[in-house]
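The next block holds one structure in the form of structure tokens; read it before the comments.
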2 protein chains.
Amino acid sequence: MEKITVTLGKRSYQITIASGLFEDPLSFLPLKAGNTAMLVTNKTLARLYLNKVRHTLERVDIHVDQVILPDGEQYKNLSVLEQIFTALLENSHGRDTTLIALGGGVIGDLTGFAAASYQRGVRFIQLPTTLLAQVDSSVGGKTAVNHQLGKNMIGAFYQPLSVVVDLTCLQTLPIRELSSGLAEVIKYGIILDAEFFVWLETHINELIDINPVAMAYCIRRCCELKAGVVAADETEQGVRSLLNLGHTYGHAIEAEMGYGNWLHGEAIAAGMMMAAHTALRLNQLSKLDVSRIRTLLIRAGLPVTGPKIMTPDSYLPHIMRDKKVLAGELRLVLPTAIGHAEIYTGLTKETIMSAVLDCQD
Amino acid sequence: MEKITVTLGKRSYQITIASGLFEDPLSFLPLKAGNTAMLVTNKTLARLYLNKVRHTLERVDIHVDQVILPDGEQYKNLSVLEQIFTALLENSHGRDTTLIALGGGVIGDLTGFAAASYQRGVRFIQLPTTLLAQVDSSVGGKTAVNHQLGKNMIGAFYQPLSVVVDLTCLQTLPIRELSSGLAEVIKYGIILDAEFFVWLETHINELIDINPVAMAYCIRRCCELKAGVVAADETEQGVRSLLNLGHTYGHAIEAEMGYGNWLHGEAIAAGMMMAAHTALRLNQLSKLDVSRIRTLLIRAGLPVTGPKIMTPDSYLPHIMRDKKVLAGELRLVLPTAIGHAEIYTGLTKETIMSAVLDCQD
């Protein structure tokens with residue numbers, strides 16, 4: 001069993017990684033007999049894991065209600081959020097309830113924001129079931145829903161009580177979802193850890209095959225890297241924004257294509273290539289490094305170009321609405337070497353758009 | 001000019017009280033030339049004050065957009081909240097924007113929660129225009145929207161940058177709204193300050209007449225009292241819950257009658273009488289004090305009984321859903337003397353319902 005602590009003073013919490021955790025009541029501490037919890041999941045995961053988790057909780061006399069949401073990024077909105085509140089109120093859940101997010105990033109983001117907002121804040125536990133959620137969205141307390149005009153525009157910084165990663169979930173994960181998670185894994189290597197990037201170059205096939213030893217190490221390393229960044233900068237005033245590598249372009253792809261048509265990691269993979277090409281154009285990144293990034297993404301089963309139907313122009317309105325735009329100034333996280341990234345400001349629209357074409361070569 | 005500081009570490013802020021503040025650019029510090037702000041108000045207030053505030057901001061080169069919402073408690077919901085997000089996104093407001101709430105409690109609560117949630121948190125300034133908002137809802141960082149099944153069930157603790165109370169607003173306030181504000185004023189006397197209660201018994205007619213000297217003192221004293229409580233207990237783990245005197249019954253009235261039909265202060269006045277009668281039943285409050293509370297509420301133009309059409313039974317489902325119910329246990333704030341209140345737990349449903357009838361004698 002791997003354990004990582006996210007250090008945030010009173011709001012510190014642990015991430016536990018192992019196989020079979022959903023069947024162990026200890027995973028759900030500090031919940032105890034007599035407590036009430038609301039399990040939030042989607043239809044697909046309900047079939048696979050809901051009864052298992054319910055049973056584990058009920059064995060130790062925790063009262064469990066449940067709300068089952070439709071499956072997909074297009075449901076990460078205020079009206080689906082309201083369904084969670086309705087379920088909580090219909091079942092008379094008080095301030096002492098605990099929300100349990102059983103699912104990927106969509107369920108985690110929705111449930112986390114519901115926990116942050118229900119009666120101005122109740123406890124919540126993350127049970128991330130996708131690789132993407134395990135290495136990224138479940139760690140760090142970013143919660144949000146989408147708005148028609150922009151992704152993750154409505155949300156809160158709100159930390160869970162704990163994050164429980166049961167590795168057996170990955171066995172049922174579709175291969176596209178696995179690759180999508182690997183995009184965020186590769187991102188950590190690019191921005192923070194050259195050694196880990198080399199490890200990934202060596203072990204990428206084992207990860208695709210869900211080798212449990214390789215996967216446990218990979219998830220632990222990503223969580224450690226993210227936990228370090230979050231501890232240093234919880235509300236993204238500085239270093240945390242490096243984690244947005246590829247996300248400015250990526251969000252434009254997701255918004256333009258309609259949420260859910262391109263998976264988050266797929267959009268981020270293409271976005272990281274665009275950021276790499278922007279850095280190349282500005283002579284901040286070597287051709288060799290661009291090529292290593294591209295090769296690793298391809299080996300992970302990820303796209304390295306944007307959607308064919310998107311012209312460079314079509315990225316711009318989305319980018320201008322991005323949360324990283326301050327006072328109208330374009331800001332972008334750019335890799336400057338494998339294992340290192342920086343925030344660049346004052347970029348021209350032309351540079352940003354040219355990179356979209358560049359990476360299609 | 002009266003100034004009170006709400007002491008909350010890094011999130012400390014000032015409340016300023018005077019006539020004419022909306023015309024003084026200094027009221028809007030730390031906003032400065034080149035900044036962007038979104039004014040949120042309702043149709044009624046837009047006619048009265050919007051241009052004045054806009055002009056003050058534009059004189060010092062602050063870019064102002066606006067969103068005008070329908071007027072009324074029934075619009076304090078997630079779908080109206082979404083209108084604020086839409087306006088922010090359509091006008092490309094970034095993380096560096098400032099939301100300005102120009103209005104009463106509904107506008108303040110909606111705008112505050114929008115500010116807490118937009119891009120996971122942007123700055124906001126409160127310009128409370130009703131007495132209720134000036135003495136209560138604008139101070140302390142409670143923001144929320146209603147759910148069909150319960151009032152203020154969705155929200156956040158989120159502090160403003162500053163609160164600017166322009167006393168001239170009270171001149172255009174309907175008398176029912178003024179009385180509604182006085183309910184919260186009287187509440188502070190009952191729970192925290194016997195001397196202030198006596199002052200109110202002496203000056204209630206001047207407050208009804210909006211005598212500026214009496215009103216300025218009254219608002220300052222209420223803000224001081226509330227600021228003290230909030231500084232001691234921001235997220236309502238303890239003493240802050242005393243401010244909920246009358247609110248458990250009051251929320252039941254508001255929910256049952258439909259939000260907006262009974263004004264908040266009217267419901268709270270009746271609710272405080274019910275709490276007083278509960279305390280009387282439990283021999284925790286004297287008959288004389290019950291009678292002084294009743295007399296002052298009547299002199300302030302407030303109801304001292306619940307709606308005739310509501311049976312005692314009809315309060316119960318609302319009370320069971322109240323945020324103050326923990327693990328199904330009924331809790332109620334009860335006055336134990338003029339100037340003192342306590343939280344009582346383990347009350348029976350019968351006691352709670354009997355008080356509804358008692359206070360109709």
Side-chain angles (χ1 to χ4, degrees), chain A residues 34-36 63 77-82 84-97 113-114 116-122 141-158 234-237 241 317-329 331, chain B residues 34-36 63 77-82 84-97 113-114 116-122 141-158 234-237 241 317-329 331:
Chain A
N35 282 173
T36 297
H63 176 83
N77 58 40
L78 281 177
S79 83
V80 172
L81 186 76
E82 191 155 18
I84 303 177
F85 298 131
T86 302
L88 286 162
L89 289 163
E90 282 178 347
N91 292 283
S92 297
H93 283 237
R95 273 188 192 162
D96 52 352
T97 191
F113 188 43
S117 309
Y118 183 61
Q119 305 206 9
R120 301 194 187 95
V122 297
K142 275 197 187 177
T143 72
V145 296
N146 300 326
H147 186 283
Q148 229 182 313
L149 297 174
K151 197 173 149 65
N152 292 329
M153 282 296 167
I154 307 160
F157 288 99
Y158 198 71
E234 185 181 3
T235 57
E236 197 168 318
Q237 308 298 311
S241 58
H318 300 288
I319 287 175
M320 293 305 294
R321 267 201 294 269
D322 195 89
K323 289 196 291 297
K324 272 73 76 185
V325 173
L326 285 175
E329 191 184 43
R331 292 154 59 86
Chain B
N35 280 173
T36 297
H63 176 82
N77 58 39
L78 281 176
S79 85
V80 172
L81 186 77
E82 191 155 17
I84 303 177
F85 298 131
T86 303
L88 286 161
L89 288 164
E90 282 177 349
N91 292 284
S92 296
H93 283 237
R95 273 187 192 162
D96 52 352
T97 190
F113 188 43
S117 311
Y118 185 61
Q119 304 206 10
R120 301 195 187 93
V122 298
K142 273 196 186 179
T143 70
V145 296
N146 300 327
H147 186 282
Q148 229 182 313
L149 297 174
K151 196 170 148 69
N152 292 330
M153 283 293 167
I154 307 159
F157 288 99
Y158 198 72
E234 184 180 4
T235 57
E236 198 168 316
Q237 307 299 310
S241 57
H318 299 289
I319 288 177
M320 294 305 294
R321 267 200 294 267
D322 195 88
K323 289 197 288 298
K324 272 74 75 185
V325 174
L326 283 176
E329 193 185 38
R331 292 154 57 87

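Note: hydrogens, waters and symmetry copies are ignored here, and every other heavy atom, side chains too, is used. Residue numbers start from 1 in every chain, and the chains themselves are labelled A, B, ... in the order their sequence lines are given, proteins ahead of strands.
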Of the listed residues (A:Thr86, A:Val145, A:Thr36, A:Leu88), which shares the most heavy-atom pairs with chain B below a 4.5 Å separation? A:Thr86
Sort out for me which of B:Gly155, B:Ala144, B:Ser79 touches chain A most, counting heavy-atom pairs under 4.5 Å. B:Gly155
Does any part of the side chain of B:Asn152, heavy atoms only, come nearer than 4.5 Å to the side chain of A:Arg120, both counted from C-beta? yes
Between A:Thr143 and chain B, with a heavy-atom cut-off of 4.5 Å, which part of the residue counts as in contact: side chain, backbone, both or neither? backbone
Got a second to check how far B:Phe113's CZ is from A:Ile154's CD1, nearest 0.5 Å? 9.5 Å
CD-CD distance between B:Gln148 and A:Glu90, expressed to the nearest 0.5 angstrom: 9.5 Å
